[in-house]
Chemist: 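Attaching a single structure in structure tokens format; questions to follow.
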Amino acid sequence: MEYDFRSAESKWQKAWEDQKVFEAVDFSEKPKWYGLVEFPYPSGAGMHVGHIKAYSSIEVLSRKRRMQGYNVLFPIGFDSFGLPAENYAIKTNTHPHVITEKNIEHFTSQLKSVGFSFDWSREFATSRPDYYHWTQWIFLQLFKHGLVFRSKTLVNYCPHCKVVLSNEDSQGGKCDICHSDVVQLAKDVWFLRITDYADKLLEGLKDVDYPDSIKQQEISWIGKSTGAFVNFSLKDAEEKLEIYTTRCDTLYGVTFMVVAPEHPVLDRYKDRISNWDAVEAYRKESARKTEFERTQINKDKTGVRIEGLTAINPITGKEIPLFISDYVMMGYGTGAIMAVPAHDQRDYDFARKFGVDIIPVIEGGDIEKEAYTGNGTMINSDFLNGFTNKRDSIARMLEELEKRGIGRRGVQFKMKDWAFNRQRYWGEPIPLIHCPKCGVVPVPEDQLPLELPPVENFEPGTDGKSPLAKIDSFVNCTCPKCGGAAKRETDTMPQWAGSSWYFLRFCDPHNETAFADRKKLDYWMPVDHYNGGMEHVTRHLLYSRFWHHFLYDIGEVGTPEPYAKRTYQGMILGSDGEKMSKSKGNVIDPVDIVKEYGADTLRTYVMFMGDYGSAAPWSDESLKGCKRFLDRVAGLTEITTADQENAKLESSVHKTIKKVSEDIEHMKFNTAIAAMMTLINEFYKAGSITKSDLINFIKLLSPFAPHLTEEIWQHIGMNPDGKTFLTVAKWPEYDEAKTKDAVKEIGVQVNGKVRGLVELPVDCSKEEALAAAKADENVAKFLKEGNLVKEIYIPGRIINFVIKK
RNA sequence: GCGGUUAUGGCGGAAUUGGCAGACGCGCUGGAUUUAGGUUCCAGUGUCGCAAGACGUGCAGGUUCAAGUCCUGUUAACCGCACCA
């Protein structure tokens, strides 16, 4: 068959679109299937090959589901708020809206050229008011339920981007956008209380089908630990200093305390601290350090002893010294610790440097050399002496602490509340109003969307305020509560806000009276299969699960978890094995590939290049191999000349249907394609095939190479009216009986080494099998070398003779 | 330091879960077609060996009739978190 992919691909894309083949129908007799991919940020650079790989898995599954008779929702939209558009706007003095819409248009045509079967009728962009109306609405619900709060605390601040960042956006002490070092600044910040949902986010993982690697990463990010809060008295003071510990049973070994430099207790006792100058100098120094310096260059412990304040070990009553040191973080626990130098290496290092006592309370190790962190019998610990099990001694101590009223059981999370405001223009305005009389007042829901006002200059202010702060007409407003003069919040939401609920909007994208109709949500949700990048596990995935759990709690959605199943794709590396980057010059533009080799070749190659979840380098040669395969598929029409089904070929076809069907389900796309390559090799070897063989073959290939197979389908007369598409034809079924061979060639081993091959009926008896094996000349030769002591026959697998020499 | 993942030809990777290691593709070698290059087609291709055969899944042991797969120890690489009390 003559096949020109350039004309055929655009022809079929148009035909599918005209006939609305991929539009999902709300409510249907068919079973529903909701497949989701992470909607793209419409960057000016356009589509990346990574997008192709990320989307192709759900694309293939969606196409297969349609052929299997499902009502499929496979939507796409744009996550279009964000810094790149804004920075570009600053550079070129163009409105980010204009740039964004232009990029969306460009991205749309690129995505369409690959032939993805998205339901474009549901497309939306998070930066359009009809969408962010509802992002703001959900924010107001969070506010009304006490999950939004403002607090002046130390936050991650990027001096380059001039924005406050969430913990998730500053992992490793680097700004996620520009990779500058993040500094700690005390700022007034809006937080979302994601920590209130820490337990639910942890528990919810038990009910979803995510790979362990994803679950583990979420679990460690949430970082739940159980332990105890213990109150330490300060000598001659009312105040108690509370600490958090996971090993309260080592309390007898506590010989000093350390508080974080930022700990507020110090200010309250300023007058009593005789070396206040030294304390303050140390505080200033650690404040100046970046997160990187504080955590990475930390081998040498530094600190200052606080003169004039003494703590008391609540269990022994002994006086112990108090220090400040930046190895204690204000952001975890209470910002103060009890130090057990005998059994914690950090405390040990500190104690050695500052000459504090080291009292062992667990037997074992060599305290002269290092802290002992292993298990052992409790010593020097009064009522705990003799305990050998950590769990028992902790339980016993907790009991004692509670009895004496000096401590209690407690839980801590590493995860922090979500810093939710950005001092930038291109994001959802936070719908809150500051009223001098009423305090913080939410914008009434009927006034949503609170639209972004036009701005002349997108540059963030040097005063750490958003560009919106410069627009008087936006800032000045009346308080919805008292009607007095008030000021609007001028910060916007972070980039992650819009994507925290977008999968819900796809269920009802044009709704003007609600974020989505509840009946439609109940029909489509949860997402059956969500594929995306590993880099979103501790951000988008966590954030969106949080919002969904919240919406569930307030009765807006029907399930706590939004995604029934989550998978991820491995990265496509440059052909040099390095991560693709402009500076390395190893970037592959998928649009170039579509133009030169066709969308089908690109799609097939991306799915064939290796294990879906693993990184794999790009190879032009392998890509050409896939093109060759598809050309051979096009050539199949030439050999579709047989009238009679060849039994052997028929069996191969059925085996392949089974293999491809199962492999797609398990996301083993590479072996699915390999099986089709094997089959086509058999086809050509046989010389001729039947029309039925061809139809089954193109059906299997259709999800991967939809254009070529659609063209063949028409070519062989299966689409007479131009509307009977292969794309929605019935997925082939296999006959289990025909996938089973009557005879099978199996290996014959002597002492575990293969010495021959015999062809045997699958159901043949042990006697027959062994006889046939022994008849093999080479096997017989090896059997002569010793006495036969054992005969093993596993039908269909192996024969093994054990001989003794 | 903690958690996770991985290690198989020249390369990307297979192996129905303990049963013929290297499917499929790339590359390479030889041949055919072609004026040549490219394309296409045929044959070959783990290593050593003329062969018989021996060896072979990071390394060292072990279990088993049989180990890429299970167990013990070990090394390396990658990813995530990290002074988390």
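Worth saying up front: this structure is predicted, and the values here are computed from it rather than measured. Lettering follows sequence order; numbering is per chain, from 1.
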Chemist: Taking donor-acceptor contacts at under 3.5 Å, does the side chain of A:K301 reach the base of B:C83?
Modeler: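 Answer yes: a donor N or O sits under 3.5 Å from an acceptor.
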Chemist: Scan every strand shown for a Watson-Crick or G-U wobble partner of B:U72, both distances under 3.5 Å, and answer none if you come up empty.
Modeler: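 Paired with B:U72, as far as the under-3.5 Å criterion goes, is B:A60.
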Chemist: Starting the side chain at C-beta, find the nucleotide from B:C83, B:C24, B:G19 nearest to A:M329.
Modeler: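 Per side-chain heavy atoms of A:M329, the pick is B:C83.
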Chemist: Is A:K753 near enough to B:C55 that one of its side-chain N or O atoms lies under 4.0 angstrom from OP1 or OP2?
Modeler: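 Indeed, a polar side-chain atom of A:K753 lies that close.
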Chemist: For B:U47 and B:U57, measure between their C1' atoms and round to the nearest Å.
Modeler: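 Taking atom C1' in both B:U47 and B:U57, they lie 13 Å apart.
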Chemist: Taking only side-chain N and O atoms of A:N670, does any of them lie within less than 4.0 angstrom of OP1 or OP2 on B:A23?
Modeler: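 False: A:N670 side-chain N/O out of range (4.0 Å or more) of B:A23 OP1/OP2.
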Chemist: Under 6.0 Å between the ring centres of A:W618 and A:Y605?
Modeler: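 That pair passes the under 6.0 Å test.
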Chemist: B:G53, OP1 or OP2 - any side-chain N/O from A:K781 closer than 4.0 Å?
Modeler: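 So the side-chain polar atoms of A:K781 do come within 4.0 Å of the phosphate oxygens OP1 or OP2 of B:G53, strictly under.
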Chemist: In terms of side-chain geometry, is the basic nitrogen of A:K224 or A:D199 positioned less than 4.0 Å from the acidic oxygen of its partner?
Modeler: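 A:D199 and A:K224: salt-bridged.
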Chemist: Out of B:C65, B:C83, B:A14, which has the shortest distance to the side chain of A:R346?
Modeler: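 For A:R346, the side-chain atoms sit closest to B:C83.
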Chemist: Using Watson-Crick or G-U wobble geometry with both distances under 3.5 Å, which nucleotide pairs with B:G53?
Modeler: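 Partner of B:G53: B:C48.
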Chemist: Taking only the side-chain heavy atoms of A:I798 (C-beta and beyond), determine which of B:G27, B:G19, B:C65 contains the nearest atom.
Modeler: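 The listed nucleotide nearest to A:I798's side chain is B:G19.
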Chemist: Between B:G46 and B:A32, how many Å separate the two P atoms, rounded to a whole number?
Modeler: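 That atom pair is separated by 24 Å.
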Chemist: Indicate syn or anti for B:G22, taking the glycosidic torsion and treating anything within 90° of 0 as syn.
Modeler: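 Chi for B:G22 falls in the anti range.
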Chemist: Considering only B:G19, B:A85, B:C26, which nucleotide approaches the side chain of A:R797 most closely?
Modeler: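 Selected nucleotide (nearest to the side chain): B:G19.
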Chemist: Please give the nucleotide sitting opposite B:U29 as a Watson-Crick or G-U wobble pair, both distances under 3.5 Å, or none.
Modeler: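 B:U29 is paired, partner B:A43.
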Chemist: Taking OP1 and OP2 of B:U40, is either one under 4.0 Å from a side-chain nitrogen or oxygen of A:R628?
Modeler: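 Answer yes for this pair, as a side-chain N or O of A:R628 is under 4.0 Å from OP1 or OP2.
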Chemist: According to a strict under-4.0 Å criterion, is A:N681 in side-chain N/O contact with OP1 or OP2 of B:G25?
Modeler: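 Answer is yes, contact under 4.0 Å.
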Chemist: Check the chi torsion on B:U74 and let me know: syn if it falls within 90° of 0, anti if not.
Modeler: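 B:U74: anti glycosidic orientation.
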Chemist: Compute the centroid of each ring, for A:F697 and then for A:F683, and state whether the two points are separated by less than 6.0 Å.
Modeler: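 Under 6.0 Å, so yes.
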Chemist: Closest to the A:K414 side chain: B:G19, B:A23, B:C84?
Modeler: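 Side chain of A:K414 sits closest to B:C84.
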Chemist: So if I take every side-chain heavy atom of A:V754 and compare against B:A85, B:A21, B:G12, which nucleotide ends up nearest?
Modeler: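 In terms of side-chain proximity for A:V754, the closest of B:A85, B:A21, B:G12 is B:A21.
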Chemist: Any idea which of B:C26, B:G13, B:G25 is nearest the A:D611 side chain?
Modeler: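 Taking heavy atoms from C-beta onward, the closest nucleotide is B:G13.
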Chemist: Are A:F350 and A:F256 close enough that their ring centres sit under 6.0 Å apart?
Modeler: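 When the ring centroids of A:F350 and A:F256 are compared, they turn out to be within the sub-6.0 Å range.
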Chemist: Output yes when a side-chain donor or acceptor of A:R283 lies under 3.5 Å from a complementary backbone atom of A:P261, and no otherwise.
Modeler: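 Pair found, side chain donor or acceptor close to backbone of A:P261.
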Chemist: Can you tell which of B:C26, B:A15, B:G19 lies closest to the side chain of A:K668?
Modeler: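 Nearest to the side chain of A:K668 among the choices is B:A15.
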Chemist: Could you state the atom-to-atom distance from CG of A:L623 to P of B:C26 in whole Å?
Modeler: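 Spelled out: CG on A:L623 to P on B:C26 is 11 Å.
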Chemist: Between B:A54, B:A14, B:C65, which nucleotide gets closest to the side-chain atoms of A:T671?
Modeler: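 Of the candidates, B:A14 comes closest.
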Chemist: Is A:R632 near enough to B:U39 that one of its side-chain N or O atoms lies under 4.0 angstrom from OP1 or OP2?
Modeler: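 False: A:R632 side-chain N/O out of range (4.0 Å or more) of B:U39 OP1/OP2.
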Chemist: Could you state the CG-P distance from A:D212 to B:U6, rounded to the nearest angstrom?
Modeler: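 Going from A:D212 (CG) to B:U6 (P), I get 11 Å.
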Chemist: Can you check whether A:Y332 has a side-chain N or O nearer than 4.0 Å to OP1 or OP2 of B:A85?
Modeler: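 Yes, A:Y332 has a side-chain N/O under 4.0 Å of OP1/OP2 on B:A85.
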Chemist: Test your reading of the model: is there a side-chain donor-acceptor pair from A:H343 to the backbone of A:Y372, 3.5 Å cut-off?
Modeler: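 Yes, A:H343 side chain to A:Y372 backbone: donor-acceptor pair under 3.5 Å.
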Chemist: Of the options B:C20, B:G4, B:A82, whose atoms approach the side-chain atoms of A:W221 most closely?
Modeler: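 Closest nucleotide among those given: B:A82.
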